[in-house]
Protein chains: 4
Amino acid sequence: MGITSRKEREKEQRRKSILKAATEVFFEKGFQQASMDMIAERSQLAKGTLYLYFKSKEDLYLALMEDGLDILHNMFDEAIEAGESIEEKVRNVTKAYYGFTQTHHDYYQVMMMMDSGLLSDKVDQNQLQHIRLLQMSGVEKLQKVVEEGISQGHYEPSTDAKILVLMAWAATWGAIMLSTEKRKILPMFSDIDTEQFVLEISDRMTRSFQVKKSDKNDAST
Amino acid sequence: MGITSRKEREKEQRRKSILKAATEVFFEKGFQQASMDMIAERSQLAKGTLYLYFKSKEDLYLALMEDGLDILHNMFDEAIEAGESIEEKVRNVTKAYYGFTQTHHDYYQVMMMMDSGLLSDKVDQNQLQHIRLLQMSGVEKLQKVVEEGISQGHYEPSTDAKILVLMAWAATWGAIMLSTEKRKILPMFSDIDTEQFVLEISDRMTRSFQVKKSDKNDAST
Amino acid sequence: MGITSRKEREKEQRRKSILKAATEVFFEKGFQQASMDMIAERSQLAKGTLYLYFKSKEDLYLALMEDGLDILHNMFDEAIEAGESIEEKVRNVTKAYYGFTQTHHDYYQVMMMMDSGLLSDKVDQNQLQHIRLLQMSGVEKLQKVVEEGISQGHYEPSTDAKILVLMAWAATWGAIMLSTEKRKILPMFSDIDTEQFVLEISDRMTRSFQVKKSDKNDAST
Amino acid sequence: MGITSRKEREKEQRRKSILKAATEVFFEKGFQQASMDMIAERSQLAKGTLYLYFKSKEDLYLALMEDGLDILHNMFDEAIEAGESIEEKVRNVTKAYYGFTQTHHDYYQVMMMMDSGLLSDKVDQNQLQHIRLLQMSGVEKLQKVVEEGISQGHYEPSTDAKILVLMAWAATWGAIMLSTEKRKILPMFSDIDTEQFVLEISDRMTRSFQVKKSDKNDAST
DNA sequence: TATGAATGAGAATTCATTCAT
DNA sequence: AATGAATGAATTCTCATTCAT
């Protein structure tokens with residue numbers, strides 16, 4: 001048993017180290033340009049060995065996606081946990097997402113890649129389904145928070161929690177993509193604090209659903 | 001004379017038909033997966049012929065991008081022209097962008113791909129520069145409208161036109177990406193009218209910069 | 001008739017201009033690297049037109065060889081004519097050959113190319129035979145001169161004219177190739193006057209067959 | 001240990017067998033006409049395998065050149081070693097060179113090709129430099145022998161060793177080229193013993209520098 | 001006759017995957 | 001389990017030649 005579990009730990013260890021190498025290479029080269037040779041070299045293993053752990057390049061990529069999503073969702077859970085008010089919880093999730101794109105920049109980029117261009121011919125459909133579910137669950141977590149907020153009178157009673165979440169999500173996502181991808185193109189971006197930008201856009205979007213007291217809503221850059 | 005122009009027209013015609021085929025294939029397969037063979041077959045031409053019109057696969061791709069951006073920017077100009085009030089102009093641009101993603105869905109998708117990972121090694125740098133400029137100019141057009149709106153007292157005097165535009169743009173872009181790309185993933189999206197969703201998110205974002213009268217702003221889905 | 005001959009002259013003219021362009025391009029690029037496109041462009045004609053005058057790239061190449069050999073042999077004839085003594089005639093031929101490699105450097109290079117690498121699959125065998133004959137005739141002309149020299153007692157009576165000519169030819173050819181092709185490799189060549197070198201090697205070779213006043217050093221085959 | 005060396009030997013073996021196949025194909029077709037497909041087929045390997053051993057067609061060609069030059073220079077060394085007198089040493093080198101062109105005829109032909117038109121764009125410049133050096137070193141070895149001969153009074157004291165060597169070399173090379181390449185063209189060659197021809201031309205050339213017993217025939221540069 | 005657009009066979013090279021050791 | 005040599009299908013691009021105008 002001890003032996004078995006040590007072996008299993010070693011196996012898991014090796015799996016992780018392959019994933020790490022793959023993430024780096026995918027990030028640096030993009031999915032297509034990355035070759036199994038590069039990943040093998042980076043992970044200090046023989047090419048054949050990769051196929052003992054992942055049955056194809058696509059499979060490796062999906063595993064990596066799952067990994068990234070796991071990290072992200074743990075960050076979400078902590079973010080929601082840590083927030084005391086509804087407002088803070090929502091804000092924390094935005095922060096968490098932004099934080100993920102910064103501290104796990106390679107994971108983020110690699111995950112972004114996926115949306116355009118992976119052909120799922122040889123892809124394990126079960127695994128794909130699992131990833132889809134993970135992607136959804138982030139939104140669902142946020143939705144629960146908002147529903148609580150509605151019932152607490154924090155948002156307009158007529159608010160559709162789903163719509164609110166999707167809009168906040170869309171705005172946040174758009175802001176992050178705009179900041180990270182277009183920074184190179186749009187010089188106007190050069191003097192903007194990205195985190196502020198992302199947080200403010202999320203704030204403005206969620207606040208537009210909030211109940212107005214007598215009014216002193218406004219936002220400063 | 002007649003002959004020259006007929007020949008030229010035919011050449012242009014063929015160029016267009018290659019671009020059309022290429023757009024389809026790039027859209028279906030992604031840039032990397034799309035092969036010149038596929039494009040040749042789709043356009044009913046021999047492989048070599050493609051190289052008479054475009055000097056490389058990258059070149060073909062860039063030409064296609066330019067084409068798409070041209071269409072988009074014409075739509076923007078008309079949108080701004082057609083709007084009577086500031087509010088309407090901004091709204092029209094959002095509509096135009098959304099419309100573009102729908103009526104030229106393949107162009108849109110292909111343009112989205114670009115951001116992740118085209119190898120600019122063999123790419124004509126002048127052409128690339130031109131594309132960058134086109135991409136920027138859309139934002140700039142909107143910025144002019146907003147600046148006018150600020151000076152007309154339509155938006156808070158303290159508003160930074162650039163920030164407003166970038167936020168509106170980010171939100172709109174995020175909304176469109178979310179709706180088009182994630183529709184397949186998020187079942188919660190199934191009963192949402194996409195155009196409404198996109199317009200509303202843009203509205204909410206811009207309205208958050210507007211001067212509040214005494215207040216009765218709200219939005220229903 | 002006038003019309004016919006004008007047309008024929010024009011045709012011949014065009015043929016020549018294609019050959020000229022081809023020589024330049026073959027010289028600059030080598031046979032394989034030279035493309036019919038380049039030759040067409042250089043000769044200011046359409047690609048298709050080349051095929052009205054030469055039935056293939058190989059054919060064009062052979063025509064060019066013939067042209068070069070014609071020039072060379074005219075130079076030989078003049079060289080022999082101009083020489084007053086046997087010695088001078090032989091020397092003049094060497095000079096003429098060297099001169100050809102200098103003033104018609106591109107022809108010379110292009111002719112050298114042929115020896116290595118042309119596949120005669122699609123080549124007109126009659127034309128090839130003609131070229132072979134031309135190549136031989138230079139040697140034959142020289143041989144006649146030497147035979148005269150032997151009968152005049154200029155060379156050892158036992159001399160085999162054929163051997164003398166072949167040896168002189170080999171030495172001259174080797175010297176020219178060494179000087180032109182190896183100059184880039186052998187730095188030791190840098191301070192040698194090529195023409196002197198070539199003439200001297202030919203001299204030494206032929207003189208070794210000459211009758212020695214008081215001596216009798218000789219070589220038997 | 002045993003395993004490692006066996007594997008290495010096998011690898012070297014395969015490398016050699018590729019080189020062998022390549023030499024044959026290059027010889028038959030010339031560099032440009034030879035395709036990696038042909039070489040793969042000839043060596044009974046898959047095309048991709050070739051690229052495990054040589055990184056490009058050019059690389060393969062250069063490796064082959066180096067191999068051939070190595071053989072040639074070993075033959076030179078032995079030739080010089082084996083000769084007892086100066087005269088014999090020089091003669092042996094000529095013999096060795098001729099021998100090489102006969103026993104390694106394909107190597108010789110392939111090496112001859114090089115001089116006309118290898119594209120050095122993608123070629124490893126270090127390797128190219130090495131080849132240039134090897135090509136030179138043959139001449140240098142001979143030069144040393146001749147210098148010794150001069151100091152021993154074997155050649156005219158005024159003799160420039162460099163000139164003597166270059167002339168002997170040129171004559172020998174010319175003779176070999178004439179005999180091998182033109183044999184097909186010049187029927188007059190048919191009844192000549194090639195080796196005799198080559199040796200004699202070399203003899204005549206070197207002897208023309210030798211001190212004459214009772215005589216004083218000489219040549220001025 | 002002259003043109004030049006179109007062709008398509010063929011070239012070098014890459015790389016995911018397999019499999020004997 | 002781990003290796004890494006071998007594979008060969010697939011990819012981009014070239015270019016001699018043809019042929020409708």
Side-chain angles (χ1 to χ4, degrees), chain A residues 7 10-11 14 32-41 43-60 122, chain B residues 3 6-7 10-11 14-15 18 32-41 43-60 122, chain C residues 7 10-11 14 32-41 44-60 122, chain D residues 3 6-7 10-11 14-15 18 32-41 43-60 119 122:
Chain A
K7 280 209 166 177
E10 274 174 5
K11 239 185 127 169
R14 185 145 294 187
Q32 291 282 351
Q33 302 292 9
S35 76
M36 292 303 264
D37 264 303
M38 291 170 188
I39 297 171
E41 196 185 10
S43 57
Q44 310 255 46
L45 289 169
K47 213 184 336 181
T49 310
L50 304 186
Y51 286 86
L52 295 177
Y53 291 87
F54 302 95
K55 71 176 194 295
S56 72
K57 194 182 167 189
E58 268 85 6
D59 187 47
L60 179 47
K122 295 176 289 185
Chain B
I3 287 173
R6 186 176 52 107
K7 278 210 165 178
E10 273 174 8
K11 246 187 124 165
R14 182 135 300 184
R15 208 189 107 97
I18 292 173
Q32 295 277 1
Q33 297 290 4
S35 80
M36 292 301 264
D37 264 306
M38 291 170 188
I39 297 172
E41 196 182 11
S43 55
Q44 307 256 49
L45 288 170
K47 219 184 323 181
T49 309
L50 304 187
Y51 286 88
L52 294 178
Y53 291 86
F54 303 94
K55 71 177 191 296
S56 70
K57 192 182 166 189
E58 268 86 6
D59 188 48
L60 179 47
K122 296 178 287 183
Chain C
K7 279 209 165 179
E10 275 175 3
K11 237 185 128 169
R14 185 146 294 186
Q32 291 283 348
Q33 301 292 8
S35 76
M36 292 301 265
D37 264 303
M38 292 170 188
I39 297 171
E41 196 185 11
Q44 309 255 49
L45 288 169
K47 212 184 336 181
T49 310
L50 303 187
Y51 286 87
L52 295 176
Y53 290 86
F54 303 95
K55 71 177 194 295
S56 72
K57 195 182 167 189
E58 269 85 7
D59 187 48
L60 180 46
K122 295 176 288 184
Chain D
I3 288 173
R6 187 176 52 105
K7 277 212 165 177
E10 273 173 7
K11 245 187 124 166
R14 181 134 301 182
R15 209 189 105 98
I18 293 173
Q32 295 277 359
Q33 296 291 2
S35 79
M36 292 302 264
D37 263 306
M38 291 169 188
I39 297 171
E41 196 183 10
S43 55
Q44 307 255 49
L45 289 170
K47 217 181 328 178
T49 309
L50 304 187
Y51 287 88
L52 293 178
Y53 291 85
F54 303 95
K55 69 177 193 296
S56 70
K57 192 182 167 190
E58 269 86 7
D59 188 47
L60 179 47
L119 279 225
K122 295 178 287 183

**Q.** Whole-Å distance separating the CD1 atom of B/Ile39 from the P atom of E/dT7
**A.** 15 Å
**Q.** Comparing B/Ala34 and A/Leu45 on DNA chain F - which has the more 5′ nearest nucleotide
**A.** A/Leu45
Q) Rounded to whole angstroms, how far apart are CG on A/Leu60 and P on E/dT17? A) 10 Å
Q) Given Watson-Crick or G-U pairs with both distances under 3.5 Å, what dot-bracket string fits DNA chain E, with | for other-strand pairs and [ ] for crossing? A) .||||||||||||||||||||
Q) C/Leu50 has an atom CG; how far is it from atom P of E/dA2, in whole Å? A) 11 Å
Find every protein N or O atom lying less than 3.5 Å from an N or O atom of nucleotides 18-21 of chain F, and list the pairs.
none

Q.
Using OP1 and OP2 only, check whether a side-chain N or O of A/Arg14 sits under 4.0 Å from F/dA1.
A. no
Q.
For a side chain to side chain contact (heavy atoms under 4.5 Å, CB included) check, start with the C-alpha distance between D/Gln32 and C/Gln33, then their side-chain angles and the critical distance, and finish with the verdict.
A. CA-CA 9 Å; D/Gln32 295 277 359; C/Gln33 301 292 8; 3.2 Å; yes
Q) A/Gln32 has an atom CD; how far is it from atom C1' of E/dC15, in whole Å? A) 11 Å
Q. Does B/Thr49 have a side-chain nitrogen or oxygen under 4.0 Å from the phosphate oxygens OP1 or OP2 of E/dT7?
A. yes
**Q.** Whole-Å gap separating P (E/dT7) and CG (C/Asp37)
**A.** 16 Å
Q: Work out which heavy atom in A/Ala40 is nearest to a heavy atom in A/Ala46; give both atom names and the distance.
A: CB-C, 4.1 Å
Q) Do you know which two heavy atoms are closest between C/Tyr53 and C/Lys11, and how far apart they sit? A) CE2-O, 3.6 Å
Q: Can you tell me the distance, in whole Å, between the CD atom of B/Gln33 and the P atom of F/dA10?
A: 12 Å
(Q) Among B/Leu52, B/Ile39, B/Ile18, exactly one meets side chain to side chain contact (heavy atoms under 4.5 Å, CB included) together with B/Leu45. Which residue is that? (A) B/Ile18
Q. Taking the side chain of B/Leu52 as its heavy atoms from C-beta onward, which of E/dA6, F/dA5, F/dT12 lies nearest to it?
A. E/dA6
(Q) I'd like to know whether CD of A/Glu10 has more than 12 heavy-atom contacts from other residues, nucleotides or ligands below 6.0 angstrom. (A) yes
Q | Side-chain donor or acceptor of B/Lys57 paired with backbone N/O of B/Ala34 under 3.5 Å | A | yes
Q: Using whole Å, report how far NZ of D/Lys57 lies from C1' of F/dT14.
A: 13 Å
Q) Want to settle it: does B/Tyr53 or D/Met36 sit nearer the 5' end of DNA chain E, counting the closest nucleotide to each? A) B/Tyr53
Q | Separation between NZ of C/Lys47 and OG of C/Ser35, rounded to the nearest 0.5 Å | A | 7.5 Å
Q: Kindly point out which of F/dT12, F/dA5, E/dA12 is positioned nearest to the side chain of D/Lys11?
A: F/dA5
Q: Working to the nearest 0.5 Å, report the span between CD of D/Gln44 and OG1 of D/Thr49.
A: 12.0 Å
(Q) Is any side-chain heavy atom of A/Ser43 closer than 4.5 Å to one of A/Leu50? (A) yes
